[in-house]
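In what follows, every heavy atom counts, from backbone to side chain, and hydrogens, waters and symmetry copies are set aside.
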Amino acid sequence: MEKIEFQAPQDGESIEFYVMEQTKINGINYLLVTEEEDGDCDAYILKEISQGEEEDSTYEMVESEEELEYMSRIFGEILEGGGGYIVNEF
């Protein structure tokens, strides 16, 4: 499982997450991440908000209930089926 480091914009604190899965919906990249590689822990869905010309990618946590529910279903299907895919509708 890939491990990536995020830097919080408020205080610059570094946070490491394990990427469980990723997908692209309507041209937007989403990541399903956890704080621990194994075991029972919280999972978060992050949405890429960076512009194409930026060197580093910028992500934010998905906060919209509708978007969170939709992405949770998508990631659930990906994890059950064992592979990522691209969806062009939301």
Side-chain angles (χ1 to χ4, degrees):
M1 193 177 309
E2 182 182 1
K3 187 176 187 179
I4 56 176
E5 184 176 309
F6 289 88
Q7 193 165 25
Q10 304 87 347
D11 57 11
E13 179 183 340
S14 292
I15 305 166
E16 291 184 337
F17 287 115
Y18 292 92
V19 179
M20 294 181 63
E21 193 57 73
Q22 62 184 39
T23 193
K24 188 176 218 174
I25 309 283
N26 292 330
I28 300 171
N29 292 314
Y30 289 88
L31 302 176
L32 177 64
V33 300
T34 62
E35 294 178 12
E36 312 239 348
E37 186 172 15
D38 296 320
D40 194 20
C41 61
D42 291 332
Y44 307 98
I45 297 176
L46 305 177
K47 173 182 181 176
E48 185 175 17
I49 58 169
S50 55
Q51 304 298 320
E53 58 273 351
E54 293 181 25
E55 185 175 316
D56 292 329
S57 295
T58 303
Y59 286 84
E60 68 180 9
M61 288 197 182
V62 172
E63 295 181 5
S64 159
E65 280 297 317
E66 180 181 316
E67 186 177 17
L68 189 57
E69 287 178 25
Y70 179 77
M71 292 309 302
S72 295
R73 284 195 311 268
I74 295 292
F75 279 121
E77 290 175 16
I78 291 171
L79 292 172
E80 286 178 13
Y85 56 91
I86 298 174
V87 176
N88 289 315
E89 58 183 63
F90 182 64

Are I15 and I4 joined in one hydrophobic group, where the rule is that I, L, V, M, F, W and Y side chains link up if heavy atoms are under 4.5 Å apart?
yes

Straight-line distance of T23 OG1 to I74 CD1, nearest 0.5 Å:
7.0 Å

By ring-ring contact (aromatic ring centres under 6.0 Å, His included), F17 pairs with (sequence neighbours left out) F6, Y44

May I have all residue pairs that pass salt bridge (charged side-chain N to carboxylate O under 4.0 Å, His left out) and include part of residues 1-13, sequence neighbours excluded?
K3-E16

Applying salt bridge (Lys or Arg N to Asp or Glu O under 4.0 Å), name anything that partners E37, two or more places apart in sequence or on another chain.
none

Would M20 end up clustered with Y18 when hydrophobic side chains under 4.5 Å apart are linked, directly or stepwise?
yes

Identify, with sequence neighbours excluded, every residue that meets side-chain contact (heavy atoms from CB on, under 4.5 Å) alongside E48.
N29, S50, S57, Y59

Same hydrophobic cluster for V62 and L79, using side-chain heavy-atom links shorter than 4.5 Å among ILVMFWY?
yes

Applying the 4.5 Å side-chain criterion to the ILVMFWY set and letting contacts propagate, would L46 and L68 be lumped into a single cluster?
no

Listed partners of S64 passing side chain to side chain donor-acceptor pair (under 3.5 Å), at least two apart:
none

Got K47 and M71 here, is their nearest side-chain heavy-atom distance under 4.5 Å?
no

Do I25 and L32 share a hydrophobic cluster (ILVMFWY, side-chain heavy atoms under 4.5 Å, transitive)?
yes

